[in-house]
Amino acid sequence: MSWFFEHEEEGIILEDDTLPAPTFFRFCQELLERYRDDQRIWVIMGNNLMSDYPNEEDGSYYFSAHGYGAPWGWASWRRTWNKYDVNIESWPKLRNSPRLHDFFLTRQERREMLSTFDGVHAGHINSWSYQLDMTRVMGHGLNILPNTDLVRNIGFGGDATHTISVKDPRNKDSVQDIGFPLVHPQFLMVDKRRDAEYYRLYIGDSPMKRFKAKVKWVLGGDSAAVVRLVLRLKNGSARSTTVA
């Protein structure tokens, strides 16, 4: 991605196990042009797991500040990537800033994201996307999300790098094309209620999820052979039940 933005001012990036709707590309193209010089906009996302959420806004897309990870299909500019720091070296200083703590919508989000960014900074979490989230938070940037889900992740399973469980709630087929001409929102404001609900449904940890994560960590993480064997068996059982 760094090589890409060294050679291009802007563009679209797709994960290798995604299936975009055809209109994803036109959606990105139009918004790359519209927000090219707007420093408030960080990333144009293609996937939106909240597409079935009641839409009370006045546009074809909305603005988010609290989505983390899962950029399966997205577009951005060199100006954004130039702020990217894979080592998030500024994190220790920002972590103790009262400005950061005022950013979070809930105590759960604050607790879990502090822990996540601590893990990324220490090298315990294998990720590139949380670092992009961190630079967005530091820069008070916003992501654009379409009201229609435009990118489907088809890579859930035991052989995946991160999305290894077919029972992951993000493993949903809700992709459909978006209509044109796009209706642009009247106000550039964060939809905090939708952000909070997205965090609750797809990011926040329940006690059971925390217990499972701790067991995985003891066994050696997602890449550990025993963890992948268990997941392959579970995923195979789930497919067999569906077929039956």
Side-chain angles (χ1 to χ4, degrees), residues 1 10-36 38 41-77 80 129 132-133 136 141-157 159-204 235 238-239 241-243:
M1 289 182 285
E10 60 191 36
I12 295 169
I13 294 178
L14 282 166
E15 296 280 338
D16 59 355
D17 52 0
T18 58
L19 184 63
T23 49
F24 162 73
F25 300 97
R26 181 179 172 186
F27 174 77
C28 291
Q29 179 184 7
E30 291 194 11
L31 296 188
L32 282 170
E33 295 174 0
R34 182 179 180 87
Y35 294 102
R36 181 173 292 146
D38 192 330
I41 305 302
W42 227 246
V43 166
I44 301 162
M45 298 285 283
N47 55 298
N48 175 17
L49 299 173
M50 293 289 291
S51 60
D52 53 353
Y53 184 84
N55 179 30
E56 300 176 359
E57 303 302 318
D58 59 349
S60 302
Y61 55 91
Y62 68 99
F63 302 97
S64 170
H66 299 265
Y68 304 97
W72 298 329
W74 55 286
S76 192
W77 305 265
T80 294
S129 59
L132 188 60
D133 291 326
R136 172 176 48 77
L142 302 176
N143 286 347
I144 289 175
L145 275 78
N147 283 321
T148 299
D149 189 9
L150 294 175
V151 179
R152 166 85 161 108
N153 187 325
I154 57 175
F156 285 88
D159 294 330
T161 302
H162 297 293
T163 54
I164 54 181
S165 174
V166 295
K167 295 183 179 180
D168 191 312
R170 298 172 299 168
N171 184 17
K172 56 189 295 187
D173 187 5
S174 54
V175 169
Q176 57 180 319
D177 280 307
I178 196 168
F180 290 92
L182 294 177
V183 178
H184 303 289
Q186 184 178 2
F187 305 110
L188 202 155
M189 300 178 69
V190 175
D191 189 337
K192 291 186 177 180
R193 288 188 297 176
R194 183 156 22 181
D195 269 9
E197 184 66 3
Y198 170 79
Y199 191 93
R200 185 185 72 83
L201 291 173
Y202 297 107
I203 303 177
N235 291 340
R239 285 192 291 268
T241 301
T242 302
V243 171

>> The criterion is ring pair (Phe, Tyr, Trp, His ring centres under 6.0 Å); which residues satisfy it with Y199, sequence neighbours excluded?
In response: none

> Roughly how far apart are N143 CG and R136 CZ, rounded to 0.5 Å?
Replying inline: 4.5 Å

> Between R193 and E197, is there a side-chain N and carboxylate O pair less than 4.0 Å apart?
Replying inline: no

>> Is the ring pair Y202/Y198 parallel, tilted or perpendicular, if the boundaries are 30 and 60 degrees?
In response: tilted

> Where is the tightest heavy-atom contact between D133 and G67, given as atom of each residue plus distance?
Replying inline: OD1-O, 3.6 Å

> CG of L142 to NE2 of H66: how many Å apart, nearest 0.5 Å?
Replying inline: 9.0 Å

>> Quick check: closest heavy atoms across I12 and A75, and the distance to 0.1 Å?
In response: CG1-CB, 4.0 Å

> Between atom OG1 of T148 and atom CG of N48, what is the distance when rounded to the nearest 0.5 Å?
Replying inline: 8.0 Å

> If you look at every heavy atom in D191 and Y62, which pair is closest and at what distance?
Replying inline: CB-CD1, 4.0 Å

>> Going by salt bridge (charged side-chain N to carboxylate O under 4.0 Å, His left out), name the residues that satisfy it together with D149, two or more places apart in sequence or in a different chain.
In response: none

> When rounded to the nearest 0.5 angstrom, what is the spacing between CH2 in W74 and CD1 in I44?
Replying inline: 10.5 Å

>> Looking at every non-hydrogen atom in both residues, tell me the closest pair between P20 and L14 and how far apart they are.
In response: CG-CD1, 4.0 Å

>> Rounded at 0.5 Å granularity, tell me how far CZ in F63 sits from CG in L145.
In response: 10.5 Å

> Are M45 and F27 side-chain neighbours, meaning at least one heavy-atom pair lies under 4.5 Å?
Replying inline: no

> Do W77 and D38 touch side chain to side chain, with heavy atoms closer than 4.5 Å?
Replying inline: no

> Looking at side-chain heavy atoms only, is the closest gap between D17 and N153 below 4.5 Å?
Replying inline: yes

>> Would you compute the distance between atom CZ of R152 and atom OG of S174 and round it to the nearest 0.5 angstrom?
In response: 8.0 Å

>> Looking at D195 and K192, is there a salt bridge between them, counting it only when a charged N and a carboxylate O are closer than 4.0 Å?
In response: no

>> What verdict does the salt bridge (charged side-chain N to carboxylate O under 4.0 Å, His left out) test give for R34 and E30, after you've listed the backbone C-alpha separation in whole Å, the side-chain angles of each residue and the deciding distance to 0.1 Å?
In response: CA-CA 6 Å; R34 182 179 180 87; E30 291 194 11; over 6 Å; no

> What are the two closest heavy atoms between A21 and V175, and how far apart are they?
Replying inline: CB-CG1, 3.7 Å

>> According to ring pair (Phe, Tyr, Trp, His ring centres under 6.0 Å), who are the partners of W42, at least two apart in sequence or on a separate chain?
In response: none

>> Would you say that T23 contacts Q176 through its side chain, given a criterion of any heavy-atom pair below 4.5 Å between the two side chains?
In response: no

> If you take all heavy atoms of P146 and G46, which pair is closest and at what distance?
Replying inline: CG-O, 3.5 Å

> Is there a side-chain contact between L188 and I41 (heavy atoms, below 4.5 Å)?
Replying inline: yes

> Is the shortest heavy-atom distance from the side chain of I144 to the side chain of L31 under 4.5 Å?
Replying inline: yes

> Can you tell if the side chain of I178 reaches within under 4.5 Å of the side chain of S60, non-hydrogen atoms only?
Replying inline: yes

>> I'd like to check H184 versus Y61 (side-chain heavy atoms, cut-off strictly below 4.5 Å). Are they in contact?
In response: yes

